[in-house]
Enquirer: 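Let me begin by handing over the structure; questions about it come next.
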Amino acid sequence: MFNKRKLRNLQKSARSLIAHDNPKSIVSEQFRTIRTGIDFSLPDKELETLLITSSAPGEGKSTVSANTAIVFAQNGKKVLLVDTDMRKPSVHYTFALQNTMGLTDVLAKKMTLQEAVRAIDIENLDILTCGPLPPNPAELLGSKAMEALIEAMKEQYDLIVFDTPPILSVTDGLVLANKCDGVIVVVRSGKTEKTNIVKTKEALLQAKANIFGVVLNDFELTKDHYYYNYYGVDE
């Protein structure tokens, strides 16, 4: 029997890469639904770059970024997940990696992309951690070096997923948004303020970003919801 406690446990385990650890779970199925929705957002073009962000900290954007990258990799695409949060990086925590080198080193020409990328035990998925924190994140992300690096990434990967800082906290995500094919905004049920969602949308549109849609995170469903009645899930 499905219950609220079990759903909360699944939601908490998302940070531990539930799409990989428990691919048959309800949460993993929802990440595959997100993947399908993203694919339909560009019917006439191959998706190459995807930016995932939020309006404020604590919405779950890094969890969504990691698991979205995983489900695309599970579908056969060669994926690179890039931590572009140069103020409070977290991708290395998610994948239990060191953050002694990464994106900032590549942009500073201290190492090549190939040297900085980390291979992990998930097939088709590589990680580029943030690296040492720079004094000028927005300038780095908006630089010609970043544009050239994105093009180099495209030559080696089918899809690049960028985990970026919250839009309303700093300008970093906006600088990168119009360089990507599309943007997903993560909002947290019961926490994200409606005014912040509107402000985030306006800021992204002003930056000429292509907004694919919103992912509602941490939404608690009851056992009598139609989803559970239809699928009869007992994970």
Enquirer: Short question: side chain of Asn217, backbone of Glu59 - any donor-acceptor pair under 3.5 Å?
Expert: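 Yes; judged by distance alone, with no hydrogens or angles, the pair exists.
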
Enquirer: Can you see which heavy atom on Cys180 is nearest to which on Leu51, and at what distance?
Expert: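 Reported closest heavy-atom pair: SG-CB, 3.9 Å.
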
Enquirer: Is Glu48 close to Leu159 at the side-chain level, that is, under 4.5 Å between some pair of heavy atoms?
Expert: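 Side-chain contact under 4.5 Å: no.
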
Enquirer: For a side-chain hydrogen bond (donor to acceptor under 3.5 Å, both in side chains) check, start with the C-alpha distance between Thr129 and Asp83, then their side-chain angles and the critical distance, and finish with the verdict.
Expert: CA-CA 5 Å; Thr129 57; Asp83 192 344; over 6 Å; no

Enquirer: Report yes if some heavy atom in the side chain of Met86 is under 4.5 Å from a heavy atom in the side chain of Leu103; otherwise report no.
Expert: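 Yes, close enough: below the 4.5 Å cut-off.
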
Enquirer: With a 4.5 Å heavy-atom cut-off, do Thr68 and Ile38 have their side chains touching?
Expert: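 The answer is yes, as the side chains (C-beta and beyond) meet within the 4.5 Å cut-off.
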
Enquirer: Flag the pair Leu204 / Ile167 as yes when at least one side-chain heavy-atom distance between them is below 4.5 Å, and no otherwise.
Expert: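 They are in contact (side-chain heavy atoms under 4.5 Å apart), so the answer is yes.
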
Enquirer: Find out whether Phe162 and Leu176 are in side-chain contact, i.e. whether some heavy atom of one side chain is under 4.5 Å from a heavy atom of the other.
Expert: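 Yes, side chains in contact.
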
Enquirer: Phe95, Ile18: one ILVMFWY side-chain cluster at the under-4.5 Å cut-off?
Expert: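 Shared cluster, yes.
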
Enquirer: If you define the side chain from C-beta out and look only at heavy atoms, does anything of Leu125 sit under 4.5 Å from Ile70?
Expert: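 Answer yes - side chains close enough.
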
Enquirer: Would you call Lys179 and Glu151 a salt bridge, using N to O less than 4.0 angstrom?
Expert: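 Judged by the 4.0 Å cut-off on N to carboxylate O distance, Lys179 and Glu151 do not form a salt bridge.
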
Enquirer: State whether the number of non-hydrogen atoms from other residues, nucleotides or ligands found under 6.0 Å of Lys154 atom NZ is greater than 12.
Expert: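 It does: Lys154 NZ has more than 12 such atoms within range.
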
Enquirer: Does Asp158 have any salt bridge (charged side-chain N to carboxylate O under 4.0 Å, His left out) partners at least two apart in sequence or in another chain, and if so, which?
Expert: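 Applying salt bridge (charged side-chain N to carboxylate O under 4.0 Å, His left out) to Asp158 gives none.
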
Enquirer: Check for a donor-acceptor pair, side chain of Ser25 on one end and backbone N or O of Asn22 on the other, with a separation under 3.5 Å.
Expert: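 Between the backbone of Asn22 and the side chain of Ser25 there is a qualifying donor-acceptor contact (under 3.5 Å).
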
Enquirer: Using modelled atom types and a 3.5 Å cut-off, is there a donor and acceptor pairing between side-chain atoms of Asn210 and backbone atoms of Gly182?
Expert: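 Such a contact is absent between Asn210 side chain and Gly182 backbone.
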
Enquirer: Is it true that a side-chain atom of Asp172 and a backbone atom of Pro137 form a donor plus acceptor pair closer than 3.5 Å?
Expert: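 No, Asp172 side chain to Pro137 backbone: no donor-acceptor pair under 3.5 Å.
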
Enquirer: What are the two closest heavy atoms between Ala66 and Leu81, and how far apart are they?
Expert: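 Result for this residue pair: CA-CD2, 3.9 Å.
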
Enquirer: Hey, does the side chain of Arg188 reach the backbone of Gly58 with a donor-acceptor pair shorter than 3.5 angstrom?
Expert: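 Checked: pair present.
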
Enquirer: Give a yes or no on this: more than 12 heavy atoms of other residues, nucleotides or ligands lie within 6.0 Å of atom NZ of Lys208.
Expert: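 Result for NZ/Lys208: open.
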
Enquirer: Test Ser62 against Ser90 for side-chain hydrogen bond (donor to acceptor under 3.5 Å, both in side chains), laying out the working first.
Expert: CA-CA 7 Å; Ser62 293; Ser90 63; 3.0 Å; yes

Enquirer: Checking side-chain hydrogen bond (donor to acceptor under 3.5 Å, both in side chains) for the pair Thr33/Thr36: CA distance, chi angles, key distance, verdict?
Expert: CA-CA 5 Å; Thr33 300; Thr36 301; over 6 Å; no

Enquirer: Indicate the atoms forming the closest heavy-atom contact of Asn124 with Gly76, along with that distance.
Expert: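 Here Asn124 and Gly76 meet closest at ND2-CA, 3.9 Å.
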
Enquirer: Identify the heavy atoms of Gly102 and Leu128 that sit nearest to each other, and give their distance.
Expert: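 Shortest heavy-atom contact: C-CD1, 3.9 Å.
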
Enquirer: Mark yes when over 12 heavy atoms from residues, nucleotides or ligands other than Lys201 sit less than 6.0 Å from its NZ; otherwise mark no.
Expert: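 No.
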
Enquirer: Using a 3.5 Å distance criterion without hydrogens, assess whether the side chain of Asn67 forms a donor-acceptor pair with backbone atoms of Ala19.
Expert: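 Looks like yes, one N/O pair under 3.5 Å.
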
Enquirer: Examine distances only and state if a side-chain atom of Asn196 and a backbone atom of Glu193 form a donor-acceptor pair shorter than 3.5 Å.
Expert: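 Looks like no, no N/O pair under 3.5 Å.
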
Enquirer: With distance as the sole test, does Glu155 use its side chain to make a donor-acceptor pair with the main-chain N or O of Ile150 at under 3.5 Å?
Expert: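 Such a contact is absent between Glu155 side chain and Ile150 backbone.
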
Enquirer: Should we count CD of Glu115 as having more than 12 external heavy atoms under 6.0 Å?
Expert: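 Enclosed: over 12 neighbouring heavy atoms sit under 6.0 Å from CD of Glu115.
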
Enquirer: Indicate, with yes or no, if Val82 and Leu133 share a hydrophobic cluster defined by side-chain heavy-atom contacts under 4.5 Å among Ile, Leu, Val, Met, Phe, Trp and Tyr.
Expert: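 They do not share one cluster, since no chain of ILVMFWY contacts under 4.5 Å joins Leu133 to Val82.
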
Enquirer: Verify the neighbour count for atom CD of Gln156: are there more than 12 heavy atoms of other residues, nucleotides or ligands below 6.0 Å?
Expert: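 Counting other residues, nucleotides and ligands, CD of Gln156 exceeds 12 neighbours.
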
Enquirer: Taking the side chain as C-beta and beyond, is there a heavy-atom pair between Lys61 and Ile184 under 4.5 Å?
Expert: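 Sidechains of Ile184 and Lys61: no contact.
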
Enquirer: Please give me the minimum heavy-atom distance between Val186 and Ile52, naming the atom from each residue.
Expert: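 Smallest interatomic distance, heavy atoms only, reads CG2-CG2, 3.8 Å.
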
Enquirer: Does Pro166 reach the side chain of Ser55, with side-chain heavy atoms less than 4.5 Å apart?
Expert: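 Not in contact.
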
Enquirer: Treat each ILVMFWY residue as a node, draw an edge where side-chain heavy atoms are under 4.5 Å apart, and state whether Leu168 and Val170 are in one component.
Expert: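 No, Leu168 does not connect to Val170 through the hydrophobic network.
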
Enquirer: So, Arg32 and Glu29, do they make that salt bridge, N to O below 4.0 Å?
Expert: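 Yes, this pair counts.
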
Enquirer: So, does Asp85 use its side chain to make a donor-acceptor pair with the main chain of Lys88 at under 3.5 Å?
Expert: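 Flag set: sc Asp85 to bb Lys88 pair under 3.5 Å.
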
Enquirer: If Ile, Leu, Val, Met, Phe, Trp and Tyr residues are connected whenever their side-chain heavy atoms lie under 4.5 Å apart, and connections chain through other members, are Phe212 and Val198 in the same group?
Expert: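 Unlinked, Phe212 and Val198 end up in two clusters.
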
Enquirer: Can you give me the closest heavy-atom contact between Asn99 and Cys130, atom names plus distance?
Expert: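 In terms of heavy atoms, the two residues are closest at OD1-N, 3.4 Å.
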
Enquirer: Could you tell me whether the side chain of Ser54 and the main chain of Val185 form a donor-acceptor pair under 3.5 Å?
Expert: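 Checked: no pair found.
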
Enquirer: When you check the gap from the basic side-chain N to the acidic O, do Arg118 and Asp126 get nearer than 4.0 Å?
Expert: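 Answer for the salt bridge query: no.
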
Enquirer: Does NZ or CZ of Lys78 fall inside the cone over Tyr157's six-membered ring, less than 6.0 Å from its centre and within 45° of the axis?
Expert: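 Yes, cation above the ring, under 6.0 Å and within 45°.
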
